[in-house]
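Every heavy atom of this structure was used, including side-chain atoms; hydrogens, water molecules and symmetry mates were not.
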Amino acid sequence: MHHRTDLPQAIDVDVTTHGELPEAAEYARTKIGELGRYTSRPVLQAHVKLSRHHDPAVPRPVVAQANLDVDGRLVRAQVQAETAREAVDLLAARLRRRLERIAEHWEARRGELPSASSHEWRHDSEPTPRPNYFPRPADERRVIRRKSFTMAPCTLDEAARELELLDYDFHLFTEQGTGTAAVLYRDDATGYRVALVAPALAGQLSPYELPVTISRHPVPCLTEEEAADRLSLLGLPFLFFVDAAQGRASVLYHRYDGHYGLITPAG
């Protein structure tokens with residue numbers, strides 16, 4: 001019997017657990033470790049975090065998150081499920097689709113989109129319910145995570161790739177043609193929707209092939225407290241606004257634990 005020597009190695013997965021999740025770590029190490037067969041590039045690092053809500057009212061209490069460093073490229077996924085085993089299975093399926101998608105991107109010339117008839121890069125092959133956030137009472141919510149990052153200018157098509165590969169609900173970026181902040185998010189009717197910090201500049205967007213609608217609503221100028229009030233009042237998953245104190249575009253969003261996170265451009 002001959003053993004193949006060209007098969008990809010199993011990924012070495014670092015797993016952390018929070019809450020009562022017996023045997024889940026070993027299952028995650030095995031299941032996520034098998035994903036090495038879907039990439040020809042080395043997976044330099046793989047971390048999976050499993051956590052369980054204590055509140056019995058939460059319908060899908062197990063949250064599974066993964067971050068893979070695939071030859072220098074971050075691949076991220078996050079799911080929520082009733083059991084740890086189901087969460088790991090969903091996480092593995094989502095990561096597999098992302099790894100296959102990245103392989104397609106690496107095969108294509110850099111910057112080239114798949115043909116208009118191919119939408120695999122845009123949507124998962126089956127609908128996956130977006131994760132819920134913990135129903136924390138509004139008066140208990142606080143902004144507990146602040147992230148600031150440098151936003152390299154990119155096109156709508158490039159922003160959509162990042163949105164899908166990193167499994168974000170929205171993507172704050174600098175749009176290349178207008179040179180201004182924008183937020184891209186999914187829209188069931190058309191595929192995607194984009195909000196520009198300066199909607200009047202919509203005619204200056206860089207060329208794109210993405211099926212996208214452009215929001216004409218002006219971005220509100222609010223304090224952080226006002227933004228939190230509006231997010232809560234309107235029941236939105238996130239809010240794109242101009243921070244009245246800083247004068248810069250920001251996104252306030254619901255974290256899984258029911259608190260808020262805030263993202264702003266650096267500088």
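The shortest side-chain heavy-atom distance between T180 and T174 does not fall under the 4.5 Å cut-off. Side chains of H47 and V13 form no contact here, defined as non-hydrogen atoms less than 4.5 Å apart. With contacts defined as side-chain heavy-atom distances shorter than 4.5 Å, the pair L184/L172 does not qualify. When side chains are defined from C-beta on, S51 counts as touching V63, because their heavy atoms get closer than 4.5 Å. For the pair R94 and L91, the minimum side-chain heavy-atom distance is 4.5 Å or more. Taking the side chain as every heavy atom from C-beta outward, L68 and Q45 never approach each other to under 4.5 Å. Taking 4.5 Å as the limit, every side-chain heavy atom of V219 sits out of range of all side-chain heavy atoms of L196. Within the 4.5 Å cutoff, the side chain of Q80 has no heavy atoms near those of the V62 side chain.
With E158 contributing its side chain and T155 its backbone, the two residues share a donor-acceptor pair below 3.5 Å. At least one donor-acceptor pair closer than 3.5 Å links the side chain of E175 to the backbone N or O of G177.
The nearest pair of heavy atoms linking T17 to A25 is CG2-CB, 4.2 Å. When all heavy atoms are compared, the tightest approach of A81 to L90 is CB-CD1, 4.1 Å. In terms of heavy atoms, D243 sits closest to S250 at CB-OG, 3.8 Å. Residue E209 comes nearest to D157 through the heavy atom pair N-OD2, 3.0 Å, listed as atom of the first residue, atom of the second, then distance. Across A182 and V194, no two heavy atoms sit closer than the pair CB-CG2, 4.1 Å. Of all the heavy atoms in I11 and L35, the pair that sits closest is CD1-C, 3.9 Å.
Dense packing is recorded around CG of D14, with more than 12 heavy atoms of other residues, nucleotides or ligands lying under 6.0 Å away. Within 6.0 Å of CZ on R85 lie no more than 12 heavy atoms contributed by other residues, nucleotides or ligands. No more than 12 heavy atoms of other residues, nucleotides or ligands lie within 6.0 Å of CD in E82, so this atom counts as exposed by the packing criterion. Counted within 6.0 Å of CD on E162, heavy atoms from surrounding residues, nucleotides or ligands total more than 12; the atom is thus considered enclosed.
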Query raised in the report: Are L163 and R186 close enough, and set up right, to give a side-chain contact (heavy atoms from CB on, under 4.5 Å), and what steps lead you there?
Result: CA-CA 9 Å; L163 180 85; R186 296 174 189 82; 4.2 Å; yes

Requested in this report: Decide side-chain contact (heavy atoms from CB on, under 4.5 Å) for L50 and V48; before the verdict, give the C-alpha distance in whole Å, the side-chain angles of both, and the deciding distance to 0.1 Å.
Outcome: CA-CA 7 Å; L50 301 170; V48 171; 4.1 Å; yes

Requested in this report: Go through the steps for F173 and L156 under the test side-chain contact (heavy atoms from CB on, under 4.5 Å), then give the verdict.
Outcome: CA-CA 9 Å; F173 68 105; L156 290 180; 3.6 Å; yes

Query raised in the report: Is there a salt bridge (Lys or Arg N to Asp or Glu O under 4.0 Å) between R29 and E26 once you walk through the steps?
Result: CA-CA 5 Å; R29 262 189 288 273; E26 193 54 44; 3.4 Å; yes

Query - Residue pair R52, H18: steps toward the side-chain contact (heavy atoms from CB on, under 4.5 Å) verdict - result: CA-CA 6 Å; R52 181 192 288 279; H18 299 276; over 6 Å; no

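A salt bridge does not link R97 to E164: none of the charged side-chain nitrogens sits closer than 4.0 Å to a carboxylate oxygen.
For the ring-ring contact (aromatic ring centres under 6.0 Å, His included) with Y185, the qualifying choice from F238, Y168, Y253 is F238, the only one to do so. Here the rule is side chain to side chain contact (heavy atoms under 4.5 Å, CB included) with L222, and of L252, D229, L239, V242 only L239 fits it.
In summary, the aromatic rings of F170 and F240 are positioned with their centroids too far apart to meet the 6.0 Å limit.
Hydrophobic clustering (ILVMFWY, side-chain heavy atoms < 4.5 Å, transitive): Y27 and L95 are in one cluster.
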